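Read the structure below first, then the notes.
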Amino acid sequence: MTARRLDSTSEQSSAESLSFTFDGRTLKGRAGDTVASALLANGVRILGRSFKYHRPRGLWGAGAEEPNAIVDITYAGQRTPNSRATAIALQDGMEVRSVNTSPDAEKDRYGLLDRFSQFLPAGFYYKTFLWPDWHLFEPRIRAMAGLGHLDPATQPEADCPQRSAHCDLLVIGAGPAGLAAARAAAQEGRDVLLADEQDQPGGSLLHRGGVIEGQPAGQWISESLELLDGHGATRLASTTAYGIYDHNLVCLWERRRGQPDRLWRVRPQQIVIATGAIERPLVFNNNDRPGVMSADSALLYLRRHDILVGQKIVIATNNDTAYPVASALAEAGAEVVLADLRPEAQAALPDNVEVRMETSVQAVEGKASVEGVLLNGQRHEADCLLVAGGFTPSVHLHCQAKGRLHYREDILAFVPDEPVAGTSVTGAANGAFDLASVLEQGHAVGSTKGNAPQASECLSSYGIQPAWPNPKAQGRQWIDFQNDVTVKDVALAARENYRSVEHLKRYTTLGMATDQGKTSNMNGLAAMAAISGRTIPEVGTTTYRPPYVPVPLPVIAGRRRGELFSPMRRLVLENEHRAADAAFREYGPWLRPAFYGKGKPEDEIQREARQARQTVGLFDGSPLGKVEVMGPDAAALMDFNSYNTLSTLKPGRVRYGFMLNEDGVVYDDGVVLRLAEDHFIVSCSSGHVPGVVMRLEEWRQDRFDPARVVIHNSTPQWATLTTTGPRARDLIAALGLDLDLSDEARPHMSFANARYQGTPIRVARVSFTGDRSYEISIPASRAKELWAHMRKEGDKLEATLLGTEGLMILRAEKGFIVAGKDTDGYTLPMDLGMSGPRKKRTGEYVGKRSLFTEEAERSDRPALVGLTVDDDTPLATGAHAVEDGPKGLRSLGFVTSSYWSPTLERPIALALVDSGRQRIGETIEIYHLGTRQRAKVTSPCAFDPEGERLYA
Amino acid sequence: MQRFSCPFCGPRDETEFFYGGEAGNERPEPAENISPVRWAQYLHMEKNEKGRAREIWVHLTCGEFFVMERDTVTHEIFKTEAFHGERT
Ligand SMILES: [Zn+2]
């Protein structure tokens, strides 16, 4: 193929102003070029290597269907892998790299793979590398197989904006059908959004031409755009509608120059699918050679880019659309032979073209380029072979919207059945291939009024005759260029009974990969039909799924990444903690101090836990749940929602308990404060706040009179600052609150409202450490002053700041659980030693029935226990308690929490162990990563079992 | 993306909603009188209707639970309605 730019006079060559590289070679292109047209104009033949056999491949098409010209593009410091060269507008300074080639497309060292092709049939990898284990081979095979490469250094900044839009009519495709539809609708005053994937609107009119309403096509396009702009329509160029999703949401990918790509989510009243049709190849020996191209695309390159694809051109066709192509190429100076397999054509015979009827191609000669073509068995010298195998309507979006297809024998194509509600398919996508009917159809879906634009001087015949793959023909006949699937592979699939079209696809990979078989599917299923003795409609098509073309992930992700995807919840005192050298970690959605200080984390955590037991620890517990339940029916809802009775709780007092799921499993634990007869606060775990609010709401609305009880989540409005340790009371006393802190007035599990410098606060005496503790809840806006005051008074008492990790040690010493850590999806309240409510409660509550099942009453249920070890090696969290059984090791449960206790100066652990309570005093084995350790089963509480420290 | 109509807020994207189970799955009570089989039905045996189904959904942004009738195959929405004191 000796493709060249036609108008390369000295004046015109200055138009070649854009400089780019391909596999390191510097080349020139011009504004308006795609990467593909620029490479073509430079005479570059081999654009890549095929996926499996590394065969040289050249340009096939000019649009989204391109199976061969897949390239990695690096531009402005960002690399986009696996781009179709036909869809990328050339930019100055672009670096273009072929994919699946090493070192480059021209000289590829894996090209020899092709010589072994008879050993690599469809299913080869599945069959061959099954033994002993596919995973042994997978990395090498994948490294050899993949297409483009990602490079972390050039990954795009993920800042693609996303827009939501509404319109009366979304027209997809600005070819003749789409323009006619958009015009008609806009003139009726409808709000139109017109999207087209090309950089300029017009579609096939731009190269097929024609006369519309007495004007040349180009003029009619301009006039149409002016009309649309005048009616306020929105027009998007370089914008691909890649998916229709539920309830007719359409996603558009807009490629912009000099700005990040943009995603549109459009909710139209009506969708017009005017996506055109794609030319398919003819199938013969070596039909994949560089220089074999789509005839329609050759015309496009000529008309839109002034590129003549070859000098000695053979055009092979089974329909009339090749005739104008032949004519145009001959006029541009090429020597053209038109090989038509039909006995006669309806199209006008072109001048200066040798037309041979009843002539077909059997083979292509040449390796890296076309050198000759075998026509009816006779060699004909050529440098380019164009094929016109007929057009396949682009019905993808119709099918994504769950539309059905039927097969039309007269045009040898699947076309849409009844349109899906809210959509219409028009023009070539609907099987209309002549301009007059295209315009008529387009107009009709846009408006019921007025007349369709009239076409003249254009091809009006099609006359296609079947030219499907011949399973008996000799040589290697390629169906899927991108995935290297031949007619023989389809035959093999049929022989091995992969005859369903979906099985054919998975077994041979026909129609997979980045092009999803846009050029190959029809030939593939026609081959299967011929081989399996069925008709094409009996074989049917595979399922069409979004996206229509590969869409870069940054476009889909948009700005929803990092904290914009999952916002971090931050403490109101974050700055204060930072100033105190806090090391932050994520706990669920919350960013919290894990520990304070710059030493080794283990040391700081141990220091904090030790000192909090000796003097007093200050802990920011603000994320702790504060869910208010209010109203005359509040107590009844609280009783129903909780495992423990709460209606008997006195105002001013606090009760610890569980919330269960309906299956009886412990969902959360925590304390409940009763502020008044009709007012409770649920202090659930930080991570369970949204879930607790939701379940309270669900029961409130489903079971109670919603007018008599309301739920309010006030968690973020309050900061909760905690003091714990022997000197906790001294610290609170030093704050100057007007509050009696004596044990008589303020016993454990009580609370009081008070004021801190005029601000209302709530002081609750509850303990998650086993030591005397006070939690002060204060409106978040006043937390800073109180925290500073507590820190100042704390310094006088040798207080320590206590991070979450230190607190975890203190609670584990006491055997206090963290729901979801020390419980799993089977844990019932009795397993945690809380059986009272189950025995005593008479009313209904969530999960009650599940506590009386056979399973719940098993005597060997797991129980929460403590574990001690003889040596100083803490057990691994997650390690299994095991016993030897007849079938080898059997798990008895697992370690849920494990720490070194600085106060006890030994490891401590909690575990869920089968028949755990009966085992207290026994020694069991703990298994972890091949090693065994012995541990003694104890009660969960390892520290101060009498609870004396609560009043110390 | 589907669009549901909250009876209180109007049409919104499906990401704002959460499924709350099949409507009409009445909670069997009192626990003392309920057979294990009946309780298991309540807990686990969803009808999993193909086609028209009556379901409970919650609009997360306003917090209201409501009943939605929809086709589980075509995803067509027939209607959404607020709880009217009925225990569904
Ligand atoms: Zn709502």
Side-chain angles (χ1 to χ4, degrees), chain A residues 164 166 243-251 265-267 401-403 420-422 546 560 627 640 660-665 690-691 693-708 710-713 838 841-857, chain B residues 1-8 11-15 17-45 56-67 70-77 81-88:
Chain A
S164 294
H166 298 260
I244 293 187
Y245 297 87
D246 278 319
H247 296 174
N248 287 351
L249 172 77
V250 187
C251 287
R265 290 200 187 88
V266 188
R267 293 261 186 206
K402 302 286 184 281
V420 177
R560 283 166 58 83
V627 181
F640 182 72
L660 312 182
N661 292 325
E662 279 282 54
D663 58 10
V665 170
V693 171
M694 199 47 65
R695 64 179 270 155
L696 283 167
E697 271 298 345
E698 184 171 6
W699 291 119
R700 166 185 170 260
Q701 293 177 39
D702 192 24
R703 192 180 173 92
F704 291 84
D705 179 351
R708 290 177 58 84
V710 292
I711 317 297
H712 173 65
N713 176 16
R838 175 181 178 275
R841 283 192 65 178
T842 51
E844 280 296 318
Y845 55 89
V846 179
K848 180 178 184 183
R849 179 65 187 83
S850 297
L851 302 184
F852 296 90
T853 62
E854 215 176 294
E855 172 67 20
E857 289 173 345
Chain B
M1 185 177 311
Q2 302 182 69
R3 218 155 30 151
F4 302 149
S5 199
C6 168
F8 308 93
R12 295 286 192 277
D13 281 347
E14 65 174 287
T15 48
F17 296 83
F18 196 79
Y19 177 62
E22 287 172 355
N25 186 17
E26 209 160 311
R27 188 175 195 271
E29 294 175 9
E32 291 73 16
N33 299 346
I34 305 305
S35 73
V37 170
R38 176 71 191 90
W39 185 248
Q41 271 173 351
Y42 163 71
L43 280 184
H44 307 297
M45 305 305 262
I56 307 292
W57 285 75
V58 57
H59 188 206
L60 296 168
T61 42
C62 76
E64 293 287 347
F65 287 76
F66 61 93
V67 179
R70 65 183 195 106
D71 190 304
T72 57
V73 178
T74 65
H75 291 178
E76 184 181 350
I77 310 295
E81 52 183 336
F83 281 179
H84 296 295
E86 60 168 330
R87 293 190 186 172
T88 36

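As the structure is a prediction and not an experimental result, all values here were calculated from the model. Just so we're on the same page: letters track the sequence lines, and every chain starts at 1.
Using a 4.5 Å cut-off between heavy atoms, B:I34 touches chain A through backbone and side chain atoms alike. With a 4.5 Å cut-off on non-hydrogen atoms, A:S850 touches chain B through its backbone and its side chain both. In this structure, chain A has a heavy atom under 4.5 Å from the side chain of B:Y42, while its backbone stays farther away.
In this view, B:T72 satisfies the side-chain hydrogen bond (donor to acceptor under 3.5 Å, both in side chains) rule with no residue, not counting sequence neighbours.
Under the 6.0 Å distance and 45° angle rule, A:R838 counts as a cation-pi partner of A:F852.
One finds the CE atom of B:M1 at 10.0 Å from the OH atom of A:Y245 (value rounded to the nearest 0.5 Å). If you take CG on A:N248 and CZ on B:R3, they are separated by 10.0 Å, rounding to the nearest 0.5 Å.
The residue among A:E854, A:R265, A:R267 with the most heavy atom pairs within less than 4.5 Å of chain B is A:R267. Per-residue heavy-atom pair counts under 4.5 Å with chain A were compared for B:E64, B:E32, B:E76, and the maximum is reached by B:E64.
Counting heavy atoms from C-beta on, the side chains of A:E844 and A:R703 come closer than 4.5 Å.
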